[in-house]
Structure formats: C-alpha cells, structure tokens
Amino acid sequence: MTLVSLVDLIAGARAGLLVSFPTDTVPALAARPEKAPLIFEAKQRSQDKPLILMGASREDLWPYVQGSENELKIWQSVADRHWPGALTLVLPASDRVPKQMNPTNPTTIGIRVPNSTIAQAILAQTGPLATTSANFSGRPPLQKLAEIAENFPEVLTLEAKQFNAETASIGVPSTVGKWTGTNWQILRQGTVKLSF
C-alpha cells in the first residue's frame with residue numbers, strides 16, 4: 001500500500017506518477033495529461049473511454065478547449081452556475097490536449113472543477129490532471145482511500161489524515177454534458193441537473 005502525504009502526492013504527480021485523491025464525487029485516479037496511458041493501463045480501461053481533465057479553476061481549463069466567442073459565452077455561463085461541482089463538460093479540444101486523453105476521439109475533452117478543497121489544493125499545485133474514478137474498468141468506483149491503495153499498490157494515494165471529513169464525497173460520478181454545437185447532450189446523469 002502506498003499512502004502518502006499531500007506534499008509527496010503533489011511531487012509524485014508533477015514527476016509523472018499515478019496518484020489518487022478525494023474529490024466531491026468519487027475518489028480520482030489521476031496523472032499529468034501526457035501520462036494518461038498510465039491510467040488506461042492501471043484500470044484496464046478501453047481506449048474508447050476518454051479521461052476527464054480536472055482543474056483547480058475554470059481559468060486553468062479554458063485553454064484546453066476551443067470554440068466560437070458565442071460558444072465560449074454559453075460554456076462559461078454553465079460553468080458559472082455549476083462549478084466548482086459535479087458537472088463535466090465535454091467540449092471541442094484545443095491542441096493543448098494530449099491525444100492520449102481521448103485516444104479514439106481526440107477532438108473532444110471533458111473538463112471539470114471539483115467542489116473539493118483538497119482536490120483544488122492539489123490541482124492548484126500540479127496544474128490540470130487527467131482523471132477518472134479509482135477502480136478497475138467495469139467495476140464500481142472505490143470509495144475508501146485504503147481500498148484504492150490496496151487495489152492499486154503502484155498509485156500514490158493520499159493518506160486520510162491529510163484532510164478532514166468535510167470533504168466527504170457523494171459517491172456518485174459527475175453528470176456529463178456534451179456540447180453538440182447547438183445544445184447539450186447528457187451522456188451520464190449524476191446529481192447535477194444541467195439546465196438548458
């Protein structure tokens with residue numbers, strides 16, 4: 001088991017290692033965007049299931065997407081309403097997004113700002129990270145950090161004593177809304193109801 005301090009987790013993520021930490025939904029398995037293949041490998045995840053780019057703030061994430069001025073306004077108004085929070089927006093990807101984040105369709109990227117003090121503290125230090133739920137593909141998301149450390153011994157998992165109970169997650173993955181060019185298509189319904 002590899003339970004580590006916040007400082008070691010941030011250093012590990014910056015060095016390109018796989019890390020796991022709590023978010024407002026389910027605990028994340030995360031790595032620098034260009035190290036996304038490590039996540040696919042650890043989870044035994046199929047290449048057609050893209051990863052989410054999680055950031056500490058909206059400003060950190062907008063450079064990874066591209067759209068018209070009007071589209072950006074629409075996206076920003078949705079982000080204003082729901083971020084930080086359990087909503088992932090799937091938007092046209094800019095050339096800053098490594099292809100490994102979404103191998104079968106690199107033209108889009110899912111972005112999210114978690115409503116979690118600890119996750120934001122980590123992301124503010126590492127920059128946006130490629131993330132997904134901490135579990136083997138097809139199995140339910142692991143909720144406890146000790147279980148994650150046990151199942152993924154190679155992953156640097158944040159020690160529970162590094163954060164307080166108020167960051168408890170809701171245990172439900174985020175709502176995923178994809179921009180179709182004119183409207184939103186809900187790919188996964190979580191706790192957030194996306195209003196059109």
Side-chain angles (χ1 to χ4, degrees), residues 2-36 38-39 42 50-66 72 75-91 93-98 100-102 109-134 141-143 145 148-149 152 155-176 190-192:
T2 319
L3 291 165
V4 298
S5 70
L6 187 59
V7 173
D8 288 347
L9 182 121
I10 289 166
R14 281 177 165 166
L17 301 175
L18 270 181
V19 299
S20 181
F21 52 84
T23 75
D24 50 344
T25 54
V26 292
L29 196 57
R32 284 174 46 182
E34 68 277 13
K35 294 289 188 179
L38 294 174
I39 297 178
L51 303 175
I52 290 170
L53 190 67
M54 202 178 270
S57 71
R58 285 169 287 202
E59 293 68 36
D60 290 348
L61 294 172
W62 294 133
Y64 291 88
V65 300
Q66 57 184 355
L72 283 165
W75 304 341
Q76 285 169 343
S77 76
V78 171
D80 287 343
R81 282 203 300 279
H82 298 290
W83 281 355
L87 174 67
T88 298
L89 299 177
V90 179
L91 304 172
S94 77
D95 56 12
R96 281 192 63 173
V97 179
Q100 304 96 306
M101 290 273 308
N102 190 352
I109 184 68
I111 58 173
R112 181 165 104 79
V113 177
N115 188 13
S116 157
T117 318
I118 194 80
Q120 286 181 22
I122 292 165
L123 293 160
Q125 298 283 317
T126 60
L129 294 177
T131 64
T132 181
S133 54
L142 297 167
Q143 305 287 352
L145 295 169
I148 296 165
F152 295 98
V155 173
L156 299 181
T157 302
L158 189 64
E159 286 175 320
K161 69 174 187 234
Q162 294 288 312
F163 56 94
N164 53 30
E166 80 189 32
T167 58
S169 57
I170 53 176
V172 178
S174 63
T175 296
V176 179
T191 54
V192 170

Starting at CG of L51, measure out to OG of S133 and round the result to the nearest 0.5 Å.
10.0 Å
Would you confirm whether S94, through its side chain, and P63, through its main-chain N or O, come within 3.5 Å as a donor-acceptor pair?
yes
Can you check whether N102 reaches I109 side chain to side chain, under 4.5 Å on heavy atoms?
no
Over all atoms of both residues, closest heavy-atom pair of V19 and V155
C-CG1, 3.5 Å
L18 to A42 - nearest heavy-atom pair and separation
CD1-CB, 3.7 Å
Main-chain N/O of A30 paired to T131 side chain as donor or acceptor, under 3.5 Å
no
Answer yes or no: is there a donor N or O on one side and an acceptor on the other, between the side chain of T25 and the main chain of P173, under 3.5 Å?
no
Using 0.5 Å steps for rounding, measure from the CG atom of L9 to the OG1 atom of T126.
8.5 Å
What's the shortest heavy-atom distance between S116 and D24, and which atoms?
CB-N, 3.7 Å
State, with a plain yes or no, whether a side-chain heavy atom of L91 is found less than 4.5 Å away from one of I111.
yes
Rounded to the nearest 0.5 Å, how far apart are NE2 of H82 and OG1 of T88?
12.0 Å
What's the separation between atom CG in L38 and atom CD in Q100, rounded to the nearest 0.5 Å?
10.0 Å
CD1-CZ distance between I52 and R112, expressed to the nearest 0.5 angstrom:
6.5 Å
Taking every non-hydrogen atom, the tightest pair across G190 and V172
CA-CG1, 4.2 Å
Looking only at atom types and distance, does a side-chain atom of Q120 sit under 3.5 Å from a main-chain N or O of P114, one as donor and one as acceptor?
yes
Answer whether the closest heavy-atom distance between the side chains of S174 and T23 falls below 4.5 Å.
no
Does any non-hydrogen side-chain atom of V113 lie less than 4.5 Å from one of M54?
no
Contacts of type side-chain contact (heavy atoms from CB on, under 4.5 Å), residue P128, not counting sequence neighbours:
L53, D60, L61, Y64
Side chains of W83 and V192, heavy atoms from C-beta outward: is any pair under 4.5 Å?
no
In chain order, what residues pass the salt bridge (charged side-chain N to carboxylate O under 4.0 Å, His left out) check against R58, with sequence neighbours excluded?
D80
For the residue pair L145 and P27, what are the closest heavy atoms and their distance?
CD2-CB, 4.5 Å
One should read off an interatomic distance between T2 OG1 and L158 CG, to the nearest 0.5 angstrom, of 12.5 Å
Which heavy atom of A134 sits nearest to which heavy atom of F152, and what is that distance?
C-CE1, 4.2 Å
Is a side-chain N or O of R32 found less than 3.5 angstrom from the main chain of A15, in a donor-acceptor match?
no
